[in-house]
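Here is the structure we will look at, set down as structure tokens.
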Amino acid sequence: MDEKKYEMVVCIVNAGFSQNVVEAARSAGARGGTVLRARGTANPEAEEFFNIHIQPEKELVIMVVPKAIKDEVIRAVYQDAGLGGEAQGIVFSLPVSHATKIKES
């Protein structure tokens, strides 16, 4: 089976913290990402269980990074924007089965 070369790193943070995520990821070798606005739908039981207030306005930062630096990117993002801080970020990765570079004309 073909070894996957890339991973998609996704970070969900409270609105206003996406730049923190991008800067942390870049410090670990990522080249950039895409920021999407989102709205969380957690229920009150989740807030009570995690002992946090869940802000409904969210931002998703999506980055495709070489598999070799995925762990460093995740670690940097979580240290800067993880659940313990105001960003209340969650970060995870998914394998990328195919990636294509688009040639500039």
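In this chain, residues are counted from 1 in sequence order. Values below: all heavy atoms of this structure, side chains included; hydrogens, waters and symmetry mates excluded.
- Taking CG from Asn20 and CD from Glu59, the interatomic distance works out to 9.5 Å, rounded to the nearest 0.5 Å.
- Note that OG of Ser97 and CE of Met8 are 10.5 Å apart. Values are rounded to the nearest 0.5 Å.
- Contact check for Arg75 versus Glu72: side-chain heavy atoms found under the 4.5 Å cut-off.
- The nearest pair of heavy atoms linking Lys70 to Ser93 is CD-OG, 3.3 Å.
- The minimum heavy-atom distance linking Ala87 with Ala81 is given by the pair CB-O, 3.6 Å.
- Considering every non-hydrogen atom in both Val65 and Ala30, the closest pair reads CG1-CB, 3.9 Å.
- A side-chain contact (heavy atoms from CB on, under 4.5 Å) with Val21 is found for exactly one of Ile12, Asp80, Val77, Val35, namely Val77.
- Distance CD/Gln88 to NZ/Lys58: 6.0 Å, rounded to 0.5 Å.
- Between Leu60 and Ala38, the closest heavy-atom pair is CD1-CB, 3.3 Å.
- Counting heavy atoms from C-beta outward, Val9 and Val91 have side chains that approach closer than 4.5 Å.
- Considering only heavy atoms from C-beta on, Tyr6 stays 4.5 Å or farther from Lys67 through its side chain.
- Nearest heavy atoms, Ala25 versus Met63: CB-SD, 3.4 Å.
- Annotation: Glu57, atom CD; neighbour count of heavy atoms from other residues, nucleotides and ligands within 6.0 Å is above 12.
- Atom CD1 of Ile90 is separated from atom CG of Leu83 by 5.0 Å, given to the nearest 0.5 angstrom.
- By the 4.5 Å heavy-atom criterion applied to side chains, Val61 and Thr34 are not counted as neighbours.
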